[in-house]
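The next block holds one structure in the form of structure tokens; read it before the comments.
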Protein chains: 2
Amino acid sequence: MAVTLRQVADEAGVSIATVSLVLAGRGDRYRDETCVRVRAAAERLGYRPNASARFMQRGRFGIVGLLNPVDHRLGTLPHGMVEGATRALERHDRYLLLVRLERSRLLEGPVPAVLAERMTDGFLVNLHLRVRAEEEAAVDRLGVPCVWLNHKRGDACVHPDDEGAGRLLAERLLAAGHRRLAWADCSYGDDPDPEHYSALDRRQGFIAACAAAGAPCQVRLTRGWTPAERRVPWALDWLRQGEDRPTAIATGNEDSAVTVATAALSLGLRVGADLALATIHNQPVFAGGRLIPTALVPVEAVGERAVELLLARIDGREDGPAPGPVPFAFDAGAGIAQPG
Amino acid sequence: MAVTLRQVADEAGVSIATVSLVLAGRGDRYRDETCVRVRAAAERLGYRPNASARFMQRGRFGIVGLLNPVDHRLGTLPHGMVEGATRALERHDRYLLLVRLERSRLLEGPVPAVLAERMTDGFLVNLHLRVRAEEEAAVDRLGVPCVWLNHKRGDACVHPDDEGAGRLLAERLLAAGHRRLAWADCSYGDDPDPEHYSALDRRQGFIAACAAAGAPCQVRLTRGWTPAERRVPWALDWLRQGEDRPTAIATGNEDSAVTVATAALSLGLRVGADLALATIHNQPVFAGGRLIPTALVPVEAVGERAVELLLARIDGREDGPAPGPVPFAFDAGAGIAQPG
DNA sequence: CTGAAAGCGCTAACAG
DNA sequence: CTGTTAGCGCTTTCAG
């Protein structure tokens with residue numbers, strides 16, 4: 001059995017309250033000698049406060065849950081997001097509890113005990129793919145503050161500025177002198193209702209920025225989602241076109257970038273020299289033998305901001321982070337190739 | 001304020017004990033009508049049990065911590081491991097609490113509150129890179145059951161069979177008829193004390209299996225860790241050698257595989273046709289425009305087994321999972337090229 | 001069939 | 001300066 005306050009009190013020959021106060025750092029009212037004796041006893045017995053007891057007292061758990069879906073290949077845990085979130089939580093001496101959630105369960109039950117019981121102060125909700133209204137309602141019914149990740153929903157959400165990322169890439173490529181641009185996607189392709197809005201937003205941002213600059217922009221999309229083995233052939237077909245070939249190609253995801261790079265390479269085109277290639281990803285993408293310019297998804301910032309927002313709500317504070325999408329950073333990688 | 005048992009009791013016009021028992025599903029001693037009334041009241045008020053109170057009572061938290069280091073690029077959270085761990089925990093109605101840990105803090109403090117207090121039933125310890133004896137001691141001093149991940153340490157650890165993975169690749173390549181084999185590593189290179197033992201184990205397993213089969217095996221290693229931009233040139237130098245070139249190359253990590261593939265591609269060698277390439281990674285590796293044969297690191301199985309082991313210790317059961325390293329699976333990808 | 005009561009480990013008034 | 005006491009919300013005997 002774990003060591004309790006009472007055992008420390010007995011060991012030190014004082015009352016429980018004394019031990020509690022001294023160990024809580026508010027022992028200024030006690031004689032130095034008493035404090036020393038108490039701390040020694042606690043040390044000797046290896047005393048550790050029982051968090052449950054404290055939580056019960058305070059009515060708070062000090063724990064935030066992360067609802068993460070399991071049904072889907074994209075439902076995997078975003079490293080950086082968790083890193084950002086846990087870092088922010090740590091600053092407030094709070095912790096992150098991972099909750100795998102089969103999304104169908106959210107509507108039909110049974111839900112995991114952590115949702116049925118009260119064991120967190122709030123939730124980060126990462127069910128961001130094609131969220132249904134009933135799912136939103138089910139989450140609202142949990143009765144604790146919740147913040148949605150990578151999902152657009154009023155002011156209770158935090159997501160990256162995907163449209164801005166598309167614009168960012170266009171601006172950089174235009175600034176490098178490119179006038180024949182292209183946007184390629186062989187992962188989601190032309191799916192009009194892709195799993196996540198970001199695929200559309202990124203593309204639209206890119207196209208809009210090209211249009212604003214008066215530069216033509218080819219858009220090359222596969223028919224919907226495309227399995228890995230069919231991607232390089234698709235890119236080859238397209239890149240073989242010769243004359244009309246774009247001098248700069250942007251993609252909205254790593255897979256598409258690697259595909260285009262692989263195709264370019266086997267056509268004898270040097271990525272970063274004969275062809276500028278840029279993309280959007282969590283981290284600088286290595287494609288065609290070099291790090292290519294990458295708009296960096298601000299996953300950590302999203303995690304941090306979501307936590308700050310959630311904690312502000314939990315604590316009933318009004319000073320949460322400013323609303324609005326989180327901007328992307330840009331990593332030039334090995335540099336942007338000049339046209340021609 | 002949250003709804004408590006007492007409020008439900010008042011609402012239903014019964015005692016607290018009655019509500020507790022009925023809602024715990026042990027209401028068989030009560031009149032049906034009472035049960036109905038209680039459940040209706042709970043529903044109406046949106047009652048959710050307070051987990052802290054229950055934990056305090058039971059002396060258990062139902063929470064397992066995952067100690068994860070932050071100082072290191074490899075300290076990132078392994079998706080699959082977390083997936084496996086949380087899945088196993090779910091089966092036991094337990095949850096995973098993420099704890100970022102600056103390793104230096106472990107020895108010099110201050111440690112996060114979750115380590116100073118008692119708030120989990122045990123820990124999965126993921127500090128697997130060059131673990132120092134003092135760190136092991138510090139973890140032992142936490143006073144709760146702990147299981148180490150990807151670190152070899154007595155019977156309180158779970159790790160993949162990296163040596164077996166090296167052997168596995170050799171066997172597959174040999175079985176496909178290859179006799180001129182090579183092992184390449186341009187990520188860790190020849191570091192005699194790499195961050196993680198697995199780099200050595202995998203290589204040794206491969207070499208040993210080649211030796212056992214009497215097949216020659218080139219070993220190509222960079223000098224220690226090599227930055228991304230220097231890798232492809234290194235591979236090019238090597239692959240240009242002509243005649244003596246191996247027909248099959250294995251690598252112990254994704255980066256090395258992609259590097260070799262990229263170099264091969266720019267030399268006009270078709271990966272999977274002119275050259276067999278195999279590697280070891282969490283998931284099938286896409287390199288040289290196709291999925292190459294990959295020994296799959298059993299991350300999920302490691303997570304699951306670690307949890308089962310930890311829970312067995314927490315509950316004082318003797319029926320934990322069998323000890324021993326966790327075997328790798330194999331994914332042939334687009335198939336293994338035949339030699340010549 | 002149902003309620004009263006003790007107690008899990010801790011905090012915070014309030015006495016002394 | 002230090003101890004007593006009354007809960008926090010829940011489970012679990014034990015009476016009635």
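In what follows, chains are A, B, ... by sequence order, proteins preceding strands, each numbered from 1.
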* To do: Can you check each nucleotide of nucleotides 10-16 of chain C against protein heavy atoms at under 4.0 Å and return B for base, S for sugar-phosphate only, - for none, in 5' to 3' order?
  => SBB-B--
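- Tested against A:V114 for a side-chain contact (heavy atoms from CB on, under 4.5 Å), the candidates A:L101, A:L67, A:L97 yield a single pass: A:L97.
- In summary, B:D155 and B:R313 engage in a salt bridge, as defined by a charged side-chain N under 4.0 Å from a carboxylate O.
- Rounded to whole Å, the distance from CD on A:Q7 to C1' on C:dG9 is 11 Å.
- Checking B:L23, B:V22, B:D28, B:T18 one by one against B:C35, the side-chain contact (heavy atoms from CB on, under 4.5 Å) holds for a single residue, B:V22.
- Regarding B:R37, its CZ atom lies at a distance of 14 Å from the P atom of C:dC1, rounded to whole Å.
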* To do: Mind running salt bridge (Lys or Arg N to Asp or Glu O under 4.0 Å) on A:E11 and A:R37 for me, showing each step along the way?
  => CA-CA 9 Å; A:E11 173 85 8; A:R37 230 181 34 241; over 6 Å; no
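- A close approach under 4.0 Å does not occur between any side-chain nitrogen or oxygen of B:T18 and OP1 or OP2 of C:dT2.
- Residues B:V125 and B:H151 have side chains not in contact (no heavy-atom distance under 4.5 Å, counting atoms from C-beta outward).
- Rounded to whole Å, the distance from CG on B:D10 to C1' on C:dG3 is 13 Å.
- Taking atom CZ on A:F61 and atom P on D:dC8, their separation rounds to 15 Å, with Å as the unit.
- Rounded to a whole Å, the CE atom of B:M119 is 18 Å from the P atom of C:dG9.
- Between B:R58 and B:D121 there is no salt bridge, since no side-chain nitrogen of the basic residue lies less than 4.0 Å from a carboxylate oxygen of the acidic one.
- Side-chain nitrogen and oxygen atoms of B:T34 include at least one within less than 4.0 Å of the OP1 or OP2 phosphate oxygen of C:dT2.
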